[in-house]
Amino acid sequence: MSFVTVTDVWQSYGGRSIIERVNLDVAEGAFVSIVGASGCGKSTFLRLLLADETPSRGEIRIDGGPPAREPGRERGVVFQRYSVFPHMTVRDNVVAAESFATGLGRFFGGRLRAARERADATLARIGLAHVAAQYPATLSGACSSASPSARR
Amino acid sequence: MRMINRRPARPVAILLAALPFVAVLVAYAIASDIRLAANPADKLLPAPATIGTTALRLFTEGDRRSGEILLWSDTWASLRRLGLGVAIAAVLALATGVPIGMLPYARRAFSGFVAVLSMVPPLALLPILFIVFGLGETSKVVLIVVGIAPFLIRDIAQRTLDIPHEEIVKAQTLGASSAVIALRVVIPQILPRLIAAIRLSLGAAWLFLIAAEAVAADSGLGYRIFLVRRYLAMDVILTYVIWITLLAFLIDGALRALSRRAFPWLGAGL
């Protein structure tokens with residue numbers, strides 16, 4: 001039973017066709033690499049998977065659900081750049097993974113304390129505990145690559 | 001070594017920074033001296049010493065009629081109008097600019113309108129404002145708002161659009177609604193940009209304030225300058241002009257310090 005089904009997906013911008021007739025079935029837990037020459041449509045395909053764009057033709061389904069029209073919780077992404085929120089500390093970035101789904105986007109009181117403790121535990125597990133209270137701009141390259149993954 | 005790679009040592013750097021100011025002061029002193037040597041009663045370029053004594057008098061002595069020190073009451077009246085006008089314009093910029101930047105519906109509805117609004121010359125509206133709002137505080141504050149709000153709105157809208165799309169997508173994958181994206185992603189990053197835009201608008205805000213006070217007021221720094229111009233009291237005028245410049249400089253510095261303190265994540269900036 002495939003988890004991600006890509007059926008006959010075409011994408012074009014203006015008159016230019018970028019990807020045509022893409023079909024893909026990925027089982028749950030599988031690890032897929034997409035390789036290709038520069039400009040062959042890898043980023044376009046990832047944007048379609050993310051539901052950041054809609055394909056001109058065809059559909060993409062996750063877990064048999066309807067094709068998505070916007071990114072949501074069932075999709076996760078770590079971007080090459082701008083993958084953390086620069087105005088929040090590393091710890092708050094990790095807490096945001098849980099708090100953004102609430103009505104106001106934040107936790108208060110006891111819930112906030114518990115979320116912060118969970119975030120600190122995650123950061124300790126991946127070795128970023130020493131920068132938990134710093135802002136992303138001040139991190140070294142290695143640290144700033146690790147932090148968006150911590151949020152996932 | 002190329003000119004672009006040469007850096008002055010610290011003492012030289014300080015000297016260079018002070019040089020233009022010193023040059024202006026020296027030029028003024030010389031010009032004033034020449035005029036006063038020809039005509040001691042000359043009122044156009046008072047001697048620096050005269051300006052100094054006048055300034056001291058204005059800052060410390062009360063008005064003969066009312067007893068209050070006019071310069072301080074003028075300062076307070078002007079700063080009150082300026083503060084109110086800038087605050088209202090800032091709130092408008094946030095309330096209009098962020099939706100224009102975030103929501104395609106709002107952008108279509110308002111961005112053209114705001115663009116046209118920003119082309120209306122505010123000083124030409126001044127008589128209309130006086131007719132509609134009277135000659136009191138309201139018309140002056142409204143002029144400041146009308147003068148700087150369109151620029152602030154357009155700047156905030158553009159800054160909102162400049163927030164990397166990746167951050168917005170990231171927030172959506174974490175389950176954020178439009179409101180949460182506005183509250184937790186957009187507005188916290190926009191606020192320091194708002195302060196920067198306000199700092200850039202303060203020059204225009206002072207302009208509109210002084211223009212409004214010059215035309216119809218009974219207190220304020222602009223009012224006082226245009227009042228004493230009839231007596232050619234250049235020493236008073238220059239004192240007030242230098243005082244306004246100093247106030248603007250201090251306010252700009254205070255806003256920059258506020259931005260650095262409140263938003264430490266921003267890093268280097270103007």
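Excluded from the calculations below are hydrogen atoms, water molecules and symmetry mates; all remaining heavy atoms, backbone and side chain alike, are included.
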Given that the side chain runs from C-beta out, which part of [X] has a heavy atom under 4.5 Å from chain B: side chain, backbone, both or neither?
X	answer
R106(A)	both
F100(A)	both
T102(A)	backbone

Handout entry: D52(A) and H165(B), any side-chain heavy atoms less than 4.5 Å apart
Key = yes
Practice task
Heavy atoms only, distances under 4.5 angstrom: which of G72(A), A51(A), A101(A) has the most pairs with chain B? Name it, please.
Solution key: G72(A)
Exercise for the section: Using the side-chain contact (heavy atoms from CB on, under 4.5 Å) rule, take L49(A) and V4(A) through it: C-alpha gap first, then chi angles, then the decisive distance, then the call. Expected result: CA-CA 9 Å; L49(A) 280 179; V4(A) 177; 4.2 Å; yes
Problem - Closest heavy-atom pair and its distance - V186(B), M102(B) - result: CG2-SD, 3.7 Å
Exercise for the section: Indicate whether any N or O donor in one side chain lies under 3.5 Å from an N or O acceptor in the other, for R69(A) and T54(A). Expected result: no
